[in-house]
Amino acid sequence: MDKNTLIGFLLIGVVLFAFSWLNKPTPEQVEAQRRYQDSIAQVEMARQAEMQKESNPQQTADNSFENVPDSVREARLKSSFGVFAGAMTGTDDVTVLENDLIELHVNNKGGRISYARLKDYTTYDNKPVILFDGKESSLDFTLVTATNRVLNTGEMYFTPVKTHDPNQLIMRLNAGEGNSLDFIYTIKPDDYMVQFDIKGNGLNGLLAPSTTALDMVWYQKIRQQEQGLKYENRYTALYYKFLAGGVEQLSESKSDDKKVSGRLKWIAYKDKFFSTVLIASEGFESAMFDSKMVEADGIVKEFKTSTSVPFDLRGNEATTFRYFFGPNSYPLLKSFDKGVPSDQQLDLERLVPLGASVFRWVNQYFVIPMFDFLGKYIKSYGLIIFLMTLIMKLILFPLTYKSYMSSAKMRVLRPQVEELNAKYPGQEKAIERQRATMELYSRAGASPMAGCIPMLLQMPVLIALFMFFPSAIELRHQSFLWAHDLSTYDAIFSWSKYIPIITPYFGNHISLFCVLMTATNIVYTKYNMEMTNTGQQQMPGMKAMMYMMPLMFLVFFNQYASGLTYYYFISILITIIQTLAFRYMINEGKLLAKLEANKKKPQKKSGFMRRLEEAQRMQQEQAKKQQEQKKRR
């Protein structure tokens, strides 16, 4: 080995030594890595404990130590569960918390809310609205002790502790010698919100020293509260809001699961008109969501969330939540953000499905304010819907009039269009015929698009109302005429037998407002087709398709809210009346004379017409080339 090689090896060694020394982890980094490894071990132990629990659901502390002397029982419990041995046995009693709006039962086992009832509401069959009861819901936290025992609060018994505040209840999980884990519930008068705090007392040294968070599993079955299980299913879903972002949801139409890595502000188990929402002050960590469709009487879906929340092992700070047990009322949910900075708002009103983008904007700033304003002075919601329809029609009147005038112009020019059809017959002259027709419309000042644009501008309002009426809890149990509940279908005839194809899509009933809507729609379609007949050739089957659409709406809307089909019925009826009034008031002879006068004026073509004519010219040239190529062959 020569001198240069030796020096090279020495320099490499010096560099490696310096690199290792400079990159040596600090004591803080070593401790952080140890906590990370401990956390992984805790998660794995919790997973194994959950698997063991699922495989042996009957294996609990109560039945594991039956038929043994008390002294042996206590010794075995101490050996298996350490300082929490005393919490493994107890009585399955409940403590009631309530105000004028809600009634809650807090169970000793698990220290959880096991029953929630909304006092001001009843189900479709006049029973109390109970969000969940007993084993239909659970909220369990995983505890890892300093001796690496993995425990689940759902299997442990808490002791209720009354305080000087009658609206507060402490559920205490005793850990011996004055140490405990407290679940603190605080309910306020006339409020659907319940504060839920988790606070440790003397747990430092009893739980794993690396504990900075608690793993949590929240499960709930969603009860059927409304008439029509399939219809209610469409509006039942698991929602969640990111800590610094928007609101998202799982699928409503099928079983779904999703893993979310971002931090979350709240998680909601939403039914059509009621929700259970868990809000975390410091946010939830990454979560795994699961939504299942359920084929069971009285149950709509099952929701499950696996996540974790921050926890102060020393007990200096509480882990704070808020529970919401209440109706999906837009004004109520919106009120929780009143006076709150925009970056801290809950956005719970997103639980009310009002449509996306422009449709939601129309509902928020136009439809809902008008609905609420009329509701202050009018008790009948059927009358409110009628007045809203009139107001909508008045607002949209200029667009409706413009659309009618466009179709009237096309109609009075129909004889001239038919002459062009006779002049350019057959498919081979279709391009010439179309070009001549468009030139006629251009010279007369008529445009086929003029009638379509006003109709398109009305679509945001129509779609917004389609989203609003089925979601408005104010219509729930409100009767009008023969409809006993405007939030569900108004069946005039029902049957119980399952009929293939019909039952899954149409249901086992016939809704009268839906039938009336369909009948008026068919009348309007027939009348409108006669009025908009411009003399141009139509696609084969187009007439039949136009009549099929109302019949398809009959199938689609038969299970929808009668408030919605009632609105569409009134809206179409008013449209027919408007059309008849326009036909009576507008002198088509004078209109034709005006169009004939337009032909004599110098024509100033719009950019759209120029582009359309250019496209037609290019299409005609292309067709000629194709014909010439066919002749050469």
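All residue numbers in this chain count up from 1 along the given sequence. Model, not experiment: these values are computed from the prediction.
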Chemist: What donor-acceptor contacts under 3.5 angstrom involve side-chain atoms of residues 316-327, with partners at least two apart or in another chain?
Modeler:
from	atom 1	to	atom 2	distance (Å)
Thr319	OG1	Pro310	O	2.6
Thr320	OG1	Asp197	OD1	3.1

Chemist: How would you list, by chain and number, every residue that makes a side chain to side chain contact (heavy atoms under 4.5 Å, CB included) with Ile368, sequence neighbours excluded?
Modeler: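 With neighbours one apart ignored, the set is Tyr330, Leu354, Asp372, Phe468.
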Chemist: Ignoring hydrogens and geometry beyond distance, is a side-chain donor-acceptor pair present between Asn99 and Asp191 at under 3.5 Å?
Modeler: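 Result is no, nothing qualifies.
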Chemist: Ring centroids only, cut at 6.0 angstrom: are Phe469 and Tyr567 within range, meaning strictly under it?
Modeler: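 Ring centres of Tyr567 and Phe469 closer than 6.0 Å.
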Chemist: Under 4.0 Å between a side-chain nitrogen and a carboxylate oxygen: does that hold for Lys292 and Glu302?
Modeler: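 Looking at Lys292 and Glu302, the cut-off is not met.
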Chemist: Could you tell me whether a side-chain N or O of Tyr381 sits under 3.5 Å from a main-chain N or O of Phe480, the two making a donor and an acceptor?
Modeler: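 No: the side chain of Tyr381 does not pair with the backbone of Phe480.
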Chemist: Quick check, are the ring centers of Trp218 and Phe303 under 6.0 angstrom apart?
Modeler: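 Centroid separation for Trp218 and Phe303: 6.0 Å or greater.
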Chemist: Suppose we screen for ring pair (Phe, Tyr, Trp, His ring centres under 6.0 Å). Which residues come up paired with Phe366, at least two apart in sequence or across chains?
Modeler: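 Residues passing ring pair (Phe, Tyr, Trp, His ring centres under 6.0 Å) with Phe366: none at all.
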Chemist: Near Phe386 CZ, under 6.0 Å, is it more than 12 heavy atoms from other residues, nucleotides or ligands?
Modeler: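 Counting neighbours around CZ of Phe386, 12 or fewer heavy atoms of other residues, nucleotides or ligands fall under 6.0 Å, so no.
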Chemist: Scan side-chain atoms only and decide if Thr123 and Gln225 contain a donor-acceptor pair under the 3.5 Å cut-off.
Modeler: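 No, no side-chain donor-acceptor contact under 3.5 Å.
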Chemist: Looking only at the aromatic ring of each residue, does the gap between the centers of Phe359 and Phe466 stay below 6.0 angstrom?
Modeler: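 Here the rings of Phe359 and Phe466 have centres that are no less than 6.0 Å from each other.
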Chemist: May I ask you to say whether Arg476 pairs ionically with Glu226, meaning some side-chain N is under 4.0 Å from a carboxylate O?
Modeler: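 The answer is yes: the pair qualifies as a salt bridge.
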